[in-house]
Amino acid sequence: MVFKKMLQKLGVGGPSVDTVLADPRVMPGGTLTGEVRILGGESEAEIEHIALSLVTRVERGDHGQGMVEFHRVVVAGPTKLAAKQERTIPFGIPVPFETPITEVGGQRLPRMDLGLRTELSIAKAVDKGDLDPVYVVPLESQDAVLEAFGQLGFHFKSADLEAGRIYGIRQELPFFQEIEFYPPQQFAGRINEVELTLVASREGLVVVLEADKRGGFGGGQDVIGRFEASHREALEMDWARMFHEWLERVASRRASMFGGHGGHYGGHGGHRGGGMGGMVVGAAAGVVGGMMIGEMMDGFGEDEGGGEEG
């Protein structure tokens with residue numbers, strides 16, 4: 001997608017910028033490539049810098065949502081741009097491994113929007129342009145985990161980004177992604193919801209599960225499951241069985257506290273298909289409709305001063 005924005009702070013006749021992505025889809029740890037195309041204005045201009053940054057919206061507890069610029073790369077330093085001069089700057093931006101997933105099985109995750117922003121600084125006037133949408137698809141290791149949720153019969157509920165860090169897990173970004181699910185039918189009445197967090201790194205993947213984070217069943221470490229694997233190991237692991245066993249432990253504890261009965265696991269290791277994508281389709285129907293990233297991110301500029309910068 002191409003965006004163009006005149007430097008309003010410099011008035012009519014200032015330079016214009018187009019940022020063009022070769023492919024807006026990328027995996028965590030991958031590289032976004034493209035070009036920044038500059039067209040000079042009515043007179044010569046001294047460019048101080050051109051920077052590209054990844055931007056998303058994060059939940060900040062009682063403070064609502066705020067913009068977070070979590071990765072920034074300067075692609076051009078000080079240079080002069082003659083009147084009407086055209087210049088093209090190719091770029092390759094490494095995407096952090098912890099970048100949140102925004103698309104699964106070809107379906108957008110509701111409320112998960114991420115954009116690439118172009119910043120052009122001329123004569124101390126900094127223009128932070130519009131957002132070019134970026135779609136982040138799972139790594140194969142992450143996809144294996146999500147497919148297991150589909151196999152077990154989980155139903156997608158929602159997804160968001162939470163400011164902060166998970167205890168005991170090394171994080172580079174100031175937020176983490178939570179994907180919420182309704183549990184399989186066999187656990188109805190004993191578990192209300194399960195939150196999944198996938199923290200990826202170059203070395204591997206940490207999977208964190210939490211049952212009824214805000215529920216009334218009581219807390220404790222036994223409602224939190226943590227699993228670690230290299231990316232290669234993750235492709236071979238029986239995630240469905242591991243998650244089912246964890247669910248049974250949580251449900252059994254609930255049963256011993258409040259009464260109830262155990263469920264039955266109907267099998268695992270079936271063929272891998274678009275389970276997660278199907279879950280998202282059902283939940284997203286009527287939620288995002290035809291909304292574009294400009295609408296979803298409306299107001300980013302207004303709350304930027306209160307956002308976090310990473």
Side-chain angles (χ1 to χ4, degrees), residues 1-9 17-37 48-61 63-76 89 91-103 108-121 125-138 159-165 171-179 198-200 288 291-310:
M1 177 179 177
V2 179
F3 79 76
K4 175 175 285 189
K5 179 162 182 169
M6 298 300 294
L7 286 178
Q8 297 173 345
K9 294 180 181 179
V17 180
D18 289 348
T19 295
V20 183
L21 286 171
D23 187 347
R25 282 175 173 77
V26 66
M27 288 184 179
T31 302
L32 281 172
T33 61
E35 296 178 342
V36 177
R37 301 170 183 173
E48 295 171 345
H49 70 259
I50 299 174
L52 299 175
S53 57
L54 291 172
V55 179
T56 191
R57 189 179 293 276
V58 176
E59 299 286 344
R60 298 183 295 179
H63 301 291
Q65 296 181 333
M67 186 197 72
V68 172
E69 177 184 287
F70 64 91
H71 189 58
R72 185 173 185 272
V73 176
V74 176
V75 297
I89 302 171
F91 64 81
I93 300 178
V95 176
F97 273 94
E98 293 177 27
T99 300
I101 297 166
T102 68
E103 183 177 297
R108 291 276 304 281
L109 288 179
R111 300 175 62 195
M112 288 293 101
D113 292 279
L114 192 145
L116 181 69
R117 184 175 64 188
T118 303
E119 175 185 297
L120 178 60
S121 177
V126 177
D127 179 70
K128 294 187 176 182
D130 298 330
L131 291 172
D132 207 24
V134 173
Y135 308 105
V136 184
V137 299
D160 63 15
L161 302 179
E162 297 283 344
R165 301 181 184 277
Q171 290 175 241
E172 295 183 358
L173 300 185
F175 58 81
F176 56 91
Q177 183 176 34
E178 289 184 334
I179 306 176
L198 301 170
V199 182
V288 291
M291 297 178 73
M292 302 297 290
I293 193 167
E295 297 170 299
M296 299 290 283
M297 293 186 165
D298 185 42
F300 261 28
E302 284 75 1
D303 63 10
E304 183 174 353
E308 300 178 50
E309 297 290 332

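Owing to the predicted nature of the structure, the values given are computational and were not obtained by experimental measurement.
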- Where do Leu21 and Phe91 land on the side-chain contact (heavy atoms from CB on, under 4.5 Å) test, with the steps shown first? CA-CA 9 Å; Leu21 286 171; Phe91 64 81; 3.9 Å; yes

- Message: side-chain contact (heavy atoms from CB on, under 4.5 Å), that's the test. Do Val68 and Val55 meet it? Break it down for me.
- Response: CA-CA 6 Å; Val68 172; Val55 179; over 6 Å; no

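Closest heavy-atom contact between Gly92 and Pro94: O-CD, 3.6 Å. Listed here is the closest heavy atom pair of Gln171 and Gly164: NE2-O, 3.7 Å. When all heavy atoms of Pro100 and Val136 are compared, the pair lying nearest together is O-CB, 3.3 Å. Summarising the geometry of Glu162 relative to Val58, their closest heavy-atom pair is C-CG1, 3.8 Å, with the distance given to 0.1 Å.
With Arg72 contributing its side chain and Ala51 its backbone, the two residues share no donor-acceptor pair below 3.5 Å. Side-chain N or O atoms of Arg57 include none that pairs as donor or acceptor with a backbone N or O of Met112 at under 3.5 Å.
Two residues are said to be in side-chain contact when any heavy atoms from C-beta on lie closer than 4.5 Å; His71 and Ile93 meet this criterion. A heavy-atom distance below 4.5 Å is found between the side chains of Gln65 and Glu59. Using a 4.5 Å heavy-atom threshold, the side chains of Glu119 and His49 count as touching. Side chains of Arg111 and Leu161 form no contact here, defined as non-hydrogen atoms less than 4.5 Å apart. When side chains are defined from C-beta on, Asp132 does not count as touching Pro24, because their heavy atoms never get closer than 4.5 Å. Contact of the Arg108 side chain with the Asp113 side chain is registered, since non-hydrogen atoms from C-beta on lie closer than 4.5 Å. Residues Phe175 and Thr56 meet the side-chain proximity criterion, which asks for heavy atoms closer than 4.5 Å. Within the 4.5 Å cutoff, the side chain of Thr102 has no heavy atoms near those of the Leu109 side chain.
Scored by the salt bridge (charged side-chain N to carboxylate O under 4.0 Å, His left out) test, Glu98 finds no partners at all (sequence neighbours excluded).
Taking CG from Leu173 and OG1 from Thr99, the interatomic distance works out to 6.0 Å, rounded to the nearest 0.5 Å. Considering CG of Leu52 and OG1 of Thr19, their distance stands at 5.5 Å, rounded to 0.5 Å. Taking CG of Leu114 as the start and CG of Leu54 as the end, the distance is 5.5 Å to the nearest 0.5 Å.
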Pair up each side-chain donor or acceptor in residues 25-33 with any protein partner under 3.5 Å, not counting sequence neighbours, and list the distances.
{"unit_1": "Arg25", "atom_1": "NE", "unit_2": "Glu103", "atom_2": "OE1", "d": "3.4"}
{"unit_1": "Arg25", "atom_1": "NE", "unit_2": "Glu103", "atom_2": "OE2", "d": "3.0"}
{"unit_1": "Arg25", "atom_1": "NH2", "unit_2": "Glu103", "atom_2": "OE1", "d": "3.0"}

